[in-house]
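Quick caveat: nothing in here was measured; it's all calculated off a predicted structure. So that the names make sense, note that chain A is the first sequence line, chain B the second, and so on, each numbered from 1.
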Amino acid sequence: MMDSTYKFIIQVKAMGKKRKSALNLLKLNNVTLIIVLIVVVAIFSVLNHNYFSRSNAMNILYASSVVGLLAIGQTYLIIGGYIDLSCASIASLSGVLAAICIGKGIPWLSALLITLILGAAIGIFNSILTNIFSLQPFIATLATASMCEGFGYIICGGRSVPISNQSFIAIGATKIFGIPLPVIYLVILFIIFGFILEKTVFGRSVYIIGGNPTAGYLSGINPKKVSTILYVISGIVSAFAGTTLAARMHTGAASAVLGSEFNAITAAVLGGVSFTGGSGSIGGCFIGLIIIQSFSNGLTMINVSSFWQKVAQGMLLIGALLLDDFRRKKLTK
Amino acid sequence: MKVKVTRRLMALLLSTILAFTLFGCGSSSPSTPDTAPEDTEGEKEATDVDADTTDTIKIGYLNKTMAIQWSQDVVDALEQLGKEQNFELVYADADFSPEAQLEQLNTFINNDVDGIICMVADEGMASAVVETANEAGIPVVGESLRMEDENDLLITPCVELDAAKCGAMNMDWVSENWESTGVDLSDETQIGFIQIIDSQLANEIVRGEGAYNEFKVLFPNVPEKNCFIADIAADSAELSEAAYNQVSTIFSANTAITTWVLCGVMEDYALGACRAIEDIGYVDSAILTSIGGERAIQEWEGGTKAPWYCANYYTGMDAAKLCADGLLQIVRDGKIEEEIWPEYIDDGETYASAKFSGTIITYDNYKDIVK
């Protein structure tokens, strides 16, 4: 008994050290990413003088708003050692559901609430699949994605559902001091979830269950409880993303966000979130997201053919990952 | 223990709410999308024919994806035509997978379909589909996408949208009506033109080119540098959002241009462009047109006229009628593929490509045209 307690104490201490060094690494990682972002912005600003403008910055942030919200949930889950491939399908389903609710005369706030509850419920469903039935998160959430996608098409009969309620449209289209609301949501939610992850006990428990679940369990953390919260967060944020997109486009479409889960995962990984869990940050994810969008936006601005854009985007990702790998190896030495 | 039970009950309750919310939310249309393997054979019975079944012909519709409204419209129209013309429809959704479509084709053959209408999952697999079907003695009519060999020659009769003409019709409307919109196109040097396409789809490229070529004829003094392609192939976002991103970026990159003419070769693209125009504040200086009109109608029904001024409107029935007519000529009347629609056989081709091109609708006339 004493022996196991002793081992546990050593493990916890090691976790503490690892955590500190991991934080330093992450800080450095963000610096690297910021440098990459500055280089991207500088190059495109030279190639097109309108690139470095307020309106284009808004374009980049606007384009990031949906994927960014999905990326928040993904970052949490990947750090915790999980993944959610259903987030985009939840978003699409929520957008359609909101449009249908609005069409049926339900007040917009209630419609929004219904979609958020739906998101939470699907999050719990994902958690049940992974925690109670012990299914692999990748496969379980893929199955959920398929179900949500199917339900999305079923409830709207495959047709887009127009939205004419101006109050609801306002949640996606209103601008405050020229800044679109979805951009404000994005920034606020990144700040809130960044704070939770870095500064709270819950945030630390996410790192611990992703880095060393056994140690986490021994230190009193219930990985199932934490992962349930993570899936619920992912579900709610995804539902919110889908609903705001529906408001922005004045229409709910069952295919609206499909495929975006991979962009969200890409943003998280580019931002330094480790696929093996236990490390990464919301800040890094945000910078990764902005790098991807700035790059895509810049290529369009300078009229690069779409096929070359795909090649260039792949190269950017590989380049950033290699740079990150190089930096990690250097630090290890 | 009590807490644990309560939590589990809560989880169960929420999951049940989710299921009931979804089931209770609406009626599913008869053409509910059907992913292929639903009944292991990827086939769905779509009609209940009550007429004399000995005369009933079974037509199989191989579809690229039921996730687009167009496909559902075609299925709905074919179902309606089936009731009128006494044929039974079975259909299958390839969900963009060529492999799945070939499996579904074999299922159709095993189930004794008499003829096949096919929106091919990948234009490169047209030969495989036609050869397999013809070996089994089953004729094929292509829907929306041309079915060609490696020399770009048709290998079976097809029905398609007259893509170039649709684009051109939109620009004809702009040329004739811009003064009524309040957007001043009198100074051609200040006009910018954007065609919104997905360059991965051949038909969309032709639509865009049709619009662009006609635009250049009608507005010859627009500088070439003011003409842009918003290509959503580069953007991994959903269609409308991708179009939004591309168009708003072009606007930001070209602030010197004062008036804009846009053509979304699909209405989803036009929807995204419409939001981009509104967000950047160009509603009074842009004319947006689209190929496909359902979403434009949705906008107009909301009371908004600008900036989406016109749309080329066509329906699934336009395509379905031609497809059914061609196939029944072969199956029922005994004609061979080369004999149908002789008026649509182009020089050098063996088979016809029957075309439809839609009608221009606007805020002012759509209620008269769209019943």
Per-residue contact mode, B:Asn254 against chain A (heavy atom under 4.5 angstrom): backbone
Interatomic spacing from CD in B:Gln246 to OG in A:Ser296 - rounded to 0.5 Å: 8.5 Å
Among the listed options A:Lys310, A:Gln309, A:Glu149, A:Met249, the residue most often paired with chain B at heavy-atom distances under 4.5 Å: A:Met249
Beyond-backbone contact of B:Asp279 with A:Lys175, side-chain heavy atoms, under 4.5 angstrom: yes
Evaluation steps, side-chain hydrogen bond (donor to acceptor under 3.5 Å, both in side chains), between A:Asn59 and B:Thr249: CA-CA 7 Å; A:Asn59 288 340; B:Thr249 303; 4.7 Å; no
B:Phe251 versus chain A, the contacting section by heavy-atom distance below 4.5 Å: neither
Side-chain touch B:Ser252/A:Met301, heavy atoms, less than 4.5 angstrom: yes
A:Asn48 versus chain B, the contacting section by heavy-atom distance below 4.5 Å: side chain
Chain A contacts, top residue of B:Ser248, B:Ala242, B:Gly302 (heavy-atom pairs, under 4.5 Å): B:Ser248
Part of A:Thr251 lying under 4.5 Å from any heavy atom of chain B: side chain
Residue selection (most heavy-atom pairs with chain A, distance under 4.5 Å) from B:Asp268, B:Leu239, B:Ile280, B:Leu271: B:Leu271
B:Glu294, part contacting chain A, at a heavy-atom distance under 4.5 Å: neither
Ring-face cation of A:Arg248 near B:Tyr244 (centre distance under 6.0 Å, axis angle within 45°): yes
Contact origin within A:Leu245 toward chain B - heavy atom pairs under 4.5 Å: side chain
Heavy-atom closest pair, residues A:Ala63 and B:Asn245: CB-OD1, 3.5 Å
Largest heavy-atom contact set with chain A, pairs under 4.5 Å, which of B:Arg295, B:Gln298, B:Glu299, B:Arg275: B:Arg275
Region of A:Asn297 in contact with chain B, defined by heavy-atom distances below 4.5 Å: both
Chain A contacts, top residue of B:Glu278, B:Gln200, B:Glu301 (heavy-atom pairs, under 4.5 Å): B:Gln200
